[in-house]
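What follows is one structure encoded as structure tokens, with my remarks underneath.
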Amino acid sequence: MEVKYLDLQAQFKENLEVRRVIDEILSSGQFVMGPAVEEFERNFAQLCGVRHAIGVSNGTDAIFLALKVLGIGEGDEVITVPNTFLSTVGAIVQTGAFPRLVDVADDYNIDPDKIEVAINERTRAIVPVHLTGNPARMDKIRAIAEKHNLFVVADAAQAVDASIRGRKVGSLGNLSAFSLHPLKNLNTCGDGGVITTDSDEYYEQLLLYRNHGLKNRNEARFFAYNCRLDSIKAAVANLQIKRIQDVTEKRDRNAALYDEGLADLKNWIKIPPRRSGVRQSFHTYVVQVDNREELIAFLAEKGVETKIHYPIPIHRMEAAKRYGYQEGDFPVAEAMAGKIISLPVHYYLKEEQIRFVVESMNEFYKR
Ligand SMILES: *Cc1c(COP(=O)(O)O)cnc(C)c1O
């Protein structure tokens, strides 16, 4: 049985509604920003229960602009984790700030108990990543930030529609950054991103930051960037936003099927952590396994596609060399990197496909 890691073709193939809204944009001649972007921003703010959403070019730029609007740059330090997609750290580096990495806890997210020792007089912000779609420990993180007068900018690229005690992650922290990349839960037909905030001041500033600093057609308040969102991407994302609750529901059900099916294998497999009051978006369903490379080959042989998010911690990459981190600096993240595997959990999976993956894994460990 073939089980693909993702099925983007299924989402867009013969989707007449997508074709209709793209055709509307083509006829309108309004390709950058405009009414479709404004509508998307209203919808996204409502989804997150937050005052403002600002559509931008991609998730990486969303993190970058959120840091810029806080005035973060050269000479500052920003705290984040080594086990994220590399653009979290890339966005911090782009501002000129030093990426101060902190190890993670067994939920794959920043370990709140390790944050305070990483804070010094140059620290300006904490960037927790809601990895896999499981919200980071925002209560503890915000308490530490308040105590030390730091900002919290959440990388919520994997966590759209996730929540803690009914509050969506986009409303937790000074600003949150999301991605609309085709691989994300709420996606579009290309790159796109969103920033959410409850602050009117950051919102007004971000409108300038994403559009050359222009305060009107001809005058810039300061030199800035072109990080705008295209109308076609916003129009397609507007369709996606209507079904995001459905998508989260389905991914949650898929995750529950895996949890149940893999329970027998707990000597070899560690299933994702759960915490009460938390709604995860299951952007990825990550398990830690023994004999990973053999398992991946065994599953591939059966037609089951898997991924690793992410095999190389960022401090071990050539790009991070100048920051002076060593192997062994982040033992939890490093140990996880050698054991994690992401199983298919997408919206278009059928129950029998998940059962097949579970059976195959049982066969692998029990033979
Ligand atoms: C996808 C992702 C990003 C970057 O988003 P892009 O839209 O691809 O720039 C940043 N952080 C995390 C955790 C991601 O998964």
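Whatever order the structure lists ligands and atoms in, that order sets their numbers, starting from 1.
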Given that the side chain starts at C-beta and the backbone is N, CA, C, O, which of these parts of Asp155 lies under 4.0 Å from ligand 1, counting heavy atoms, or is it both or neither? side chain
pair Leu257-Arg355: side-chain heavy atoms closer than 4.5 Å: yes
Out of Val194, Leu229, Ile195, Ile54, which residue meets the side-chain contact (heavy atoms from CB on, under 4.5 Å) rule with Glu41? Ile54
So is Phe178 close enough to ligand 1, meaning a heavy atom under 4.0 angstrom away? no
Report the nearest protein non-hydrogen atom to atom 9 (O) of ligand 1: residue, atom name, distance rounded to 0.1 Å. Thr60 OG1, 2.5 Å
Enumerate the atoms of ligand 1 whose separation from the nearest heavy atom of Thr84 is less than 4.0 angstrom. 13 (C)
Distance in Å, Ile25 CD1 paired with Ser231 OG, rounded so as to fall on 0.5 Å steps: 5.0 Å
Please state which part of Phe64 comes within less than 4.0 Å of ligand 1, counting heavy atoms only: side chain, backbone, both or neither. neither
Does Ser87 have a non-hydrogen atom less than 4.0 Å from ligand 1? yes
Provide the closest heavy-atom pair for Phe282 versus Arg251 in the form atom of the first, atom of the second, distance. O-NH1, 2.9 Å
As an exercise, identify every atom of ligand 1 less than 4.0 angstrom from a heavy atom of Gln158. 13 (C), 15 (O)
With ring centroids as reference points, do Tyr225 and His212 lie under 6.0 angstrom apart? no
Atom indices of ligand 1 within 4.0 angstrom of Ser179 heavy atoms, with elements: 5 (O), 6 (P), 7 (O)
Looking at ligand 1, does any of its N/O atoms fall within less than 3.5 Å of an N/O of Leu131? no
Below the 3.5 angstrom mark, is there an N/O of His181, backbone or side chain, next to an N/O of ligand 1? no
Look at ligand 1 and say whether His283 reaches it with a heavy atom at a distance under 4.0 Å. no
Among all protein non-hydrogen atoms, which one is nearest to atom 1 (C) of ligand 1, and what is the separation to 0.1 Å? Lys184 NZ, 1.4 Å
Measure from the side-chain N and O atoms of Ser199 to the backbone N and O of Tyr202, and report whether any donor-acceptor pair falls under 3.5 Å. yes
Spell out, as yes or no, whether a donor-acceptor pair under 3.5 Å connects the side chain of Arg292 to the backbone of Ile340. yes
Taken to the nearest 0.5 Å, the spacing of Leu262 CG from Leu265 CG works out to 6.0 Å
